[in-house]
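Everything quoted here is computed from the prediction, not taken from an experiment.
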Amino acid sequence: MNSPAASPPPERSEQDIITALQATVSASRLSLFLQCRLKFYFRYVLKLKKPKTASLHLGNAVHAVLKAWNKARWVQQPLSLKVVHETYQTAWADNTEGSVEWETGEEEADKTTGWRLLDTYLRESHLPAEVKPDAVEVPVEADLQQHGLPRLIGILDLVQQRQIIDYKTSATTPNADKVAHSTEIQTSSYAILYRHNTGTQEAGMQLHHLVKLKNPKVVITTLPPMSQSQQTWLFRQMEAYLEGLQRRDFIPSPGMHCSSCEYFSECRLWH
């Protein structure tokens with residue numbers, strides 16, 4: 001006698017999804033909510049899937065190699081350039097997050113660009129191979145219930161001598177002041193996570209930009225430890241996140257950022 005097929009799990013209601021989103025928050029989720037609440041709704045509540053972009057695929061492949069390189073430093077068995085290249089080839093072939101809709105000839109060009117970024121970074125980052133990192137790609141969280149806020153979650157790319165280091169690929173050379181302002185939600189979140197999990201203050205933050213120019217370069221922006229006013233600002237932004245979800249405040253925020261939004265068509269038809 002055949003056993004009955006298992007029933008598929010029931011889909012969660014919209015309210016269940018919103019309740020879950022109110023329980024935790026990450027820097028990327030908070031940033032998107034404050035940028036455009038309707039885009040947040042499409043991505044995190046309706047969970048509309050979109051093709052993976054070429055730039056995201058390149059960034060993911062580069063990030064995977066840097067993760068492997070830093071983990072090898074952590075166990076004090078640095079990778080050879082040959083192994084780094086093999087790791088990159090494997091990371092590039094990984095399509096678990098969805099296939100990229102490449103233009104003709106675009107994939108090989110982007111693949112070469114990604115490798116040139118890595119080669120440049122490993123030569124110019126000046127992170128000593130013999131110095132063991134404090135942490136590599138570590139998932140962390142902070143319970144902010146005492147502040148009436150959700151649990152903050154995140155992943156720290158690298159912590160080296162109490163410096164929190166985050167990797168970014170960029171098409172243009174970053175301006176230090178603009179980078180400090182535009183990444184403040186992320187850097188403040190990482191500072192909270194670091195302090196909550198170590199009991200000490202970070203020495204500072206470094207943003208390592210791998211810039212996709214004809215001649216690739218590495219730009220390192222060094223930031224001081226999070227200030228009290230930055231923490232207060234972050235907490236107020238998290239309050240806005242909670243209150244907006246409670247009100248289902250999913251409204252569009254038209255602006256220059258719409259030109260590159262994957263949900264442009266859905267937004268134009270939304271009522």
L34 vs I185, side-chain contact (heavy atoms from CB on, under 4.5 Å): CA-CA, chis, key distance, verdict: CA-CA 10 Å; L34 295 173; I185 289 176; 3.6 Å; yes

Euclidean distance, [Y] [atom2] relative to [X] [atom1], rounded to 0.5 Å:
X    : Y    : atom1 : atom2 : value
L144 : T24  : CG    : OG1   : 11.5 Å
T113 : R116 : OG1   : CZ    : 6.5 Å
L38  : S253 : CG    : OG    : 8.5 Å
R37  : Y44  : CZ    : OH    : 15.0 Å
E262 : C267 : CD    : SG    : 11.5 Å
L79  : H85  : CG    : NE2   : 14.0 Å

For residues [X] and [Y]: do they belong to one hydrophobic cluster (side chain heavy atoms under 4.5 Å, members Ile, Leu, Val, Met, Phe, Trp, Tyr)?
X    : Y    : result
L234 : L156 : yes
L193 : L149 : yes
I164 : L66  : no
M205 : V138 : yes
V131 : V159 : no

Counting C-beta onward and ignoring hydrogens, is there a side-chain heavy-atom pair between [X] and [Y] closer than 4.5 Å?
X    : Y    : answer
Q35  : L32  : yes
I153 : V140 : no
W102 : D110 : yes
P150 : Q22  : no
W115 : V84  : yes
I18  : E14  : yes
L152 : S189 : yes
W92  : V62  : no

Shortest non-hydrogen contact between [X] and [Y], atoms and distance:
X    : Y    : value
A191 : E202 : CB-OE2, 3.5 Å
L158 : P133 : CD1-CB, 3.6 Å
L269 : H271 : O-CD2, 3.2 Å
I192 : A142 : CG2-CB, 4.2 Å
Y88  : K111 : OH-O, 2.6 Å

Under a plain distance cut-off of 3.5 Å, with no hydrogens placed, do [Y] and [X] share a side-chain donor-acceptor pair?
X    : Y    : result
K132 : Q160 : no
R29  : Y241 : yes
Y41  : E266 : no
R248 : Q15  : yes
K168 : Q186 : yes
H63  : D157 : yes

E184: side chain to side chain donor-acceptor pair (under 3.5 Å) partners, not counting sequence neighbours: Q230

Qualifying residues under ring-ring contact (aromatic ring centres under 6.0 Å, His included), relative to Y190, sequence neighbours excluded: none

Is the backbone of [Y] close enough, under 3.5 Å, to the side chain of [X] for a donor and an acceptor to pair up by distance?
X    : Y    : result
S259 : M256 : yes
H147 : D143 : no
D16  : R12  : no
R162 : G204 : no
Y194 : Q163 : no
E106 : E103 : yes
N197 : E141 : yes
D134 : Q161 : yes

More than 12 heavy atoms of other groups within 6.0 Å of R123 CZ: yes

K47 NZ: over 12 foreign heavy atoms closer than 6.0 Å: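 Yes, enclosed.
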
Step-by-step side-chain contact (heavy atoms from CB on, under 4.5 Å) determination, W69 to V136: CA-CA 10 Å; W69 181 66; V136 177; over 6 Å; no

Could you pull out all donor-acceptor pairs under 3.5 Å where a side-chain atom in residues 207-225 meets a protein atom, sequence neighbours excluded?
unit_1, atom_1, unit_2, atom_2, d
H208, ND1, Y121, OH, 2.7
H208, NE2, Q206, OE1, 2.8
K217, NZ, T173, OG1, 3.0

side-chain contact (heavy atoms from CB on, under 4.5 Å) between T187 and M226, intermediate numbers included: CA-CA 8 Å; T187 55; M226 178 186 66; over 6 Å; no

side-chain contact (heavy atoms from CB on, under 4.5 Å) assessment of E107 paired with V100: CA-CA 9 Å; E107 181 175 5; V100 178; over 6 Å; no

Plane angle bin for F40 and F33 - parallel if under 30°, tilted between 30 and 60°, otherwise perpendicular: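 Taking F40 first and then F33, their aromatic rings stand perpendicular (interplane angle over 60°).
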
Check: W270 ring centroid to F42 ring centroid under 6.0 Å: yes

